[in-house]
K.L.:
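One structure follows; several queries about it will come next.
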Amino acid sequence: MVKFSKELEAQLIPEWKDAFVNYWQLKKHVKKIKLSRKLNLHSQDSHTDFGFTIFDPIRAAVKQISSGICNAAGKPETIQVSSGTPIAKGQDENEEEEEEEKEVHDDQLSSEEDEVKAFFEDLDEELKKVNQFYKTKESEFLERGEILTKQLQILLDLKQVLVDRRKKSQMSKVGAGVLPWSRSPSGRNSDYSDSSTECFSSGSPRETSQTDDVIAALEKNGINFIGSATRSKTKKGKPKMAMRVDIPAIAPARSISAVTAMLWEDLVNNPKKEGHGEFINRKKIQCAEKMIRGAFVELYRGLGLVKTYSSLNMVAFVKILKKFDKVSHQQASAGYLYAVKRSHFISSDKVVRLMDEMESLFTKHFANDDRKKAMKFLRPQQRKESHMVTFLVGLFTGSFVTLFSVYSILANMCGMFTPRADAAYMETVYPIFSMFALLSLHLFMYGCNLFMWKGTRINRNFIFEFQPTTALKYRDAFLICTCLMTTVVGAMCSLTLLICPLNIFYRSTRYCFIRVIRNIVCSPFYKVLMVDFFMADQLTSQIPLLRHLESSACYFFSGSFGTHRYETCKSGKLYRELAYVISFAPYYWRAMQCARRWFDECDPNHLANLGKYVSALVAAGARITYARQPTTFWMIIVLVTSLVATVYQLYWDFVKDWGLLNPRSKNPWLRDNLIMKKKSIYYMSIALNFVLRVAWVETVIRFKHVGVVELRLLEFFLASLEVIRRGHWNFYRLENEHLNNVGKYRAVKTVPLPFHETDSDG
């Protein structure tokens with residue numbers, strides 16, 4: 001049977017761990033009480049110890065029977081709860097006799113009573129903490145539920161107005177079912193600004209009537225319009241109102257429109273100039289509906305977490321009080337549990353009622369009254385792990401090891417790796433093999449990351465905003481890695497499988513990967529999420545892979561594979577220029593992501609992070625030039641730029657990404673909160689990251705008298721070290737992000753809502 005402490009550790013919400021009952025600390029108190037009781041009993045026995053006699057077994061039996069009778073009789077016990085209300089156990093028949101007995105045994109039982117007092121003081125503090133946190137989260141989610149219900153009603157009214165307008169337009173054969181809403185070019189009033197729209201009246205009776213319908217529909221839901229009570233007009237005869245529809249600027253089209261709107265506002269002093277304006281159509285309403293649906297799902301998930309928080313804490317109180325009763329031979333659990341059940345986190349049913357309300361609203365408006373369909377969104381089922389995946393991992397691993405061993409033996413027998421061998425084979429085979437080997441190594445390191453994140457309960461799905469039902473598990477990552485290396489000869493098949501539309505071989509993961517790569521390539525125009533810049537950081541460690549991909553593509557598409565002349569590509573000017581572009585691209589994408597995050601959040605730290613990638617970009621360019629022109633001048637340039645970039649990167653790794661090197665931390669030069677118990681692991685990780693960061697020194701040393709095979713193996717070894725460093729970096733980066741979420745009790749996403757009230761100046 002699993003101990004409750006391990007069960008609690010496995011089921012509690014990681015981000016709210018500090019708000020749960022500190023069951024482990026209370027358990028230590030119980031153990032201290034047990035030890036104190038044993039010491040007291042031992043001291044009592046030592047006063048009457050006259051050696052072993054034949055009457056000892058009889059004496060022990062009589063003592064046990066008498067103690068049982070005394071316990072059955074039940075001495076009165078009083079336990080104080082934080083409210084100050086005493087909880088009495090047994091019948092208090094003679095208080096004077098009880099006081100006399102306490103005075104007699106005061107010297108012997110003082111230690112045990114102190115431990116019992118400390119136990120209940122800590123228990124009161126834990127109960128107070130749980131109640132306070134539950135009230136905070138309950139009020140937070142109730143407020144979000146109220147706002148969300150209001151947003152839903154606005155959406156329903158707007159959809160109804162759209163339907164009515166479309167019907168009227170079809171009857172009159174005019175228009176195509178749109179509302180005459182004019183958009184203000186300003187996009188600065190919102191963090192997610194794609195449009196900041198205001199209702200207008202164009203002057204015609206029909207359009208004025210339509211605008212009045214919209215205003216009436218929105219005013220029913222509490223949207224306050226300036227002057228709406230009297231329909232006050234501006235100087236140009238337009239009604240004053242303050243309602244804005246915000247759609248996140250997460251796509252290039254929306255980002256470009258937001259930037260264009262901002263420039264238009266800067267160039268034109270009066271953005272509300274006369275004109276036909278733009279229209280809000282069904283597409284904009286559909287975007288708002290999708291946002292509200294996502295907010296419903298996150299709110300329902302958060303309410304479920306609050307419900308789990310309440311039930312787990314209740315079980316923890318029950319378990320620890322039972323342990324106390326068992327150790328101290330007191331019946332305190334029933335009375336204290338009565339006080340616990342009267343506490344707010346157990347007696348309040350607001351969360352349950354709100355869950356039922358959200359469930360019914362979601363089923364009605366987003367699932368067409370199909371509860372089974374609604375539950376797929378609200379309560380997604382976890383994907384079951386299959387033993388077949390483990391079997392296939394072992395099968396492909398064995399196949400790869402066997403095939404690679406046979407290949408190595410045959411290549412050695414044929415003399416392919418000897419200095420006299422033709423360099424053409426190595427120059428053509430090495431880029432292909434190295435490309436897939438580095439990719440497989442990166443997948444293997446990611447699988448190790450997934451395994452460690454699962455073991456340390458780092459909520460990667462919440463941080464990366466992955467769906468739990470389709471998120472990749474560590475066994476799946478290992479399977480992809482081993483399968484890729486086994487089928488390395490089928491390179492084109494792998495590319496075809498990546499874009500295969502059939503629901504096979506982790507389609508959701510493949511499509512998510514394609515979307516993330518698309519977001520990275522179009523970095524300035526997509527809103528940057530955690531998964532986007534995390535993947536972009538992975539690409540900065542895979543520049544050798546991208547270079548090998550360039551070599552392989554040139555070899556096949558230029559026809560060199562038919563003539564066996566590998567020099568065709570490397571001697572071309574375009575190929576040499578593309579080397580700079582490919583080496584710069586990952587750093588450029590990452591820098592653009594930092595610029596976009598600064599634009600969205602106005603945080604100067606993102607500009608400092610941008611400088612780090614610019615310095616890395618300059619250092620990469622200097623190293624490429626030095627490899628082609630090994631002069632003293634370029635060696636000095638490489639030393640200076642690489643040293644600056646390395647110091648910049650090491651500082652950012654340790655201080656910003658990992659949150660370490662804090663001189664005021666209770667853990668010397670680390671951070672206050674650590675997931676792994678051994679501090680030495682963090683110190684070794686700092687040293688390892690430092691060593692792997694300075695691997696660029698090899699480009700300056702430039703080993704002489706090294707053959708082609710040894711040179712390629714050295715390049716592959718250094719590229720592999722960078723991939724290993726990145727996998728090592730990944731764990732601590734996500735650990736720090738997880739601890740930031742824990743510190744702010746973030747376990748549920750905050751979904752932006754489309755409808756906002758603003759102040760209008762007419």
Side-chain angles (χ1 to χ4, degrees), residues 141-142 144-171 175-179 181 194 210 213-214 216-218 220-223 245-248 250-251 279-307 350-383 461 465-471 501-503 507-508 511-512 515 748-755:
F141 285 115
L142 287 175
R144 289 174 64 171
E146 182 180 353
I147 295 174
L148 193 54
T149 304
K150 183 178 178 181
Q151 293 273 321
L152 178 62
Q153 192 58 49
I154 295 173
L155 176 67
L156 295 176
D157 289 336
L158 286 177
K159 290 174 70 175
Q160 185 61 42
V161 171
L162 279 177
V163 171
D164 294 341
R165 295 282 72 78
R166 188 166 63 252
K167 289 180 179 179
K168 291 181 180 179
S169 63
Q170 288 176 354
M171 293 175 61
V178 294
L179 284 175
W181 286 43
D194 166 65
Q210 292 177 1
D213 290 343
V214 175
L218 294 173
K220 290 191 301 181
N221 301 289
I223 296 294
V245 181
D246 289 343
I247 305 298
I250 58 176
F279 297 97
I280 289 186
N281 51 21
R282 285 178 297 174
K283 186 176 181 180
K284 190 173 290 293
I285 297 299
Q286 288 173 357
C287 291
E289 182 177 2
K290 187 176 180 180
M291 294 168 63
I292 293 176
R293 184 182 65 184
F296 262 95
V297 172
E298 283 301 315
L299 176 59
Y300 190 86
R301 176 175 169 271
L303 293 171
L305 294 179
V306 174
K307 188 177 177 181
K350 294 180 180 179
V351 170
V352 177
R353 286 192 281 110
L354 183 59
M355 283 186 72
D356 295 337
E357 181 183 353
M358 294 295 105
E359 185 176 320
S360 61
L361 287 174
F362 190 91
T363 304
K364 180 179 179 181
H365 299 293
F366 297 102
N368 296 325
D369 290 325
D370 187 349
R371 189 176 184 278
K372 185 177 180 180
K373 180 181 177 182
M375 289 300 102
K376 290 182 179 180
F377 288 95
L378 298 177
R379 298 178 187 174
Q381 297 295 325
Q382 294 287 343
R383 181 163 54 92
N461 292 333
E465 301 184 20
F466 288 160
Q467 293 296 328
T469 54
T470 58
L502 300 179
N503 192 11
R507 184 179 66 174
S508 59
Y511 280 18
C512 178
R515 285 196 301 269
V748 182
K749 286 193 303 182
T750 302
V751 180
L753 298 174
F755 306 116

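As the structure is a computational prediction, the values presented were derived from the model and not from experiment.
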K.L.:
If you compare all heavy atoms of P468 against all heavy atoms of N461, which two are closest, and at what distance to 0.1 Å?
P.N.:
CA-ND2, 4.1 Å
K.L.:
Looking at F362 versus Y300, is the centre-to-centre ring distance below 6.0 Å?
P.N.:
no
K.L.:
Measure the CD1-NE2 distance between I292 and H365 for me, rounded to the nearest 0.5 Å.
P.N.:
11.0 Å
K.L.:
Start with the C-alpha gap between Q153 and D157, add the side-chain angles, then the distance that decides, and say whether side-chain contact (heavy atoms from CB on, under 4.5 Å) holds.
P.N.:
CA-CA 6 Å; Q153 192 58 49; D157 289 336; 3.4 Å; yes
K.L.:
Kindly compute the distance separating CG (L299) from CE (M355), expressed to the nearest 0.5 Å.
P.N.:
9.5 Å
K.L.:
I need the K290 NZ to R293 CZ distance, nearest 0.5 Å.
P.N.:
7.0 Å
K.L.:
Kindly compute the distance separating NZ (K376) from CG (D370), expressed to the nearest 0.5 Å.
P.N.:
8.0 Å
K.L.:
Heavy-atom distance under 4.5 Å between the side chains of F366 and E289, does that happen here?
P.N.:
yes
K.L.:
Please report the closest heavy-atom contact between V297 and F377, naming both atoms and the distance.
P.N.:
CG1-O, 3.6 Å
K.L.:
Answer yes when E298 and R144 have at least one side-chain N-carboxylate O distance shorter than 4.0 Å, and no when they do not.
P.N.:
no
K.L.:
Could you tell me which non-hydrogen atom of L142 sits nearest to which non-hydrogen atom of K350, and how far apart they are?
P.N.:
CD1-CD, 3.8 Å
K.L.:
For a 4.5 angstrom cut-off between non-hydrogen side-chain atoms, does L361 reach K364?
P.N.:
no
K.L.:
State, yes or no, whether a side-chain contact exists between Q151 and M291 at a heavy-atom distance under 4.5 Å.
P.N.:
no
K.L.:
Contact between K159 and L155 at the side-chain level, heavy atoms closer than 4.5 Å - yes or no?
P.N.:
yes
K.L.:
Once you round to the nearest 0.5 Å, how far does CD of E359 lie from OG1 of T363?
P.N.:
5.5 Å
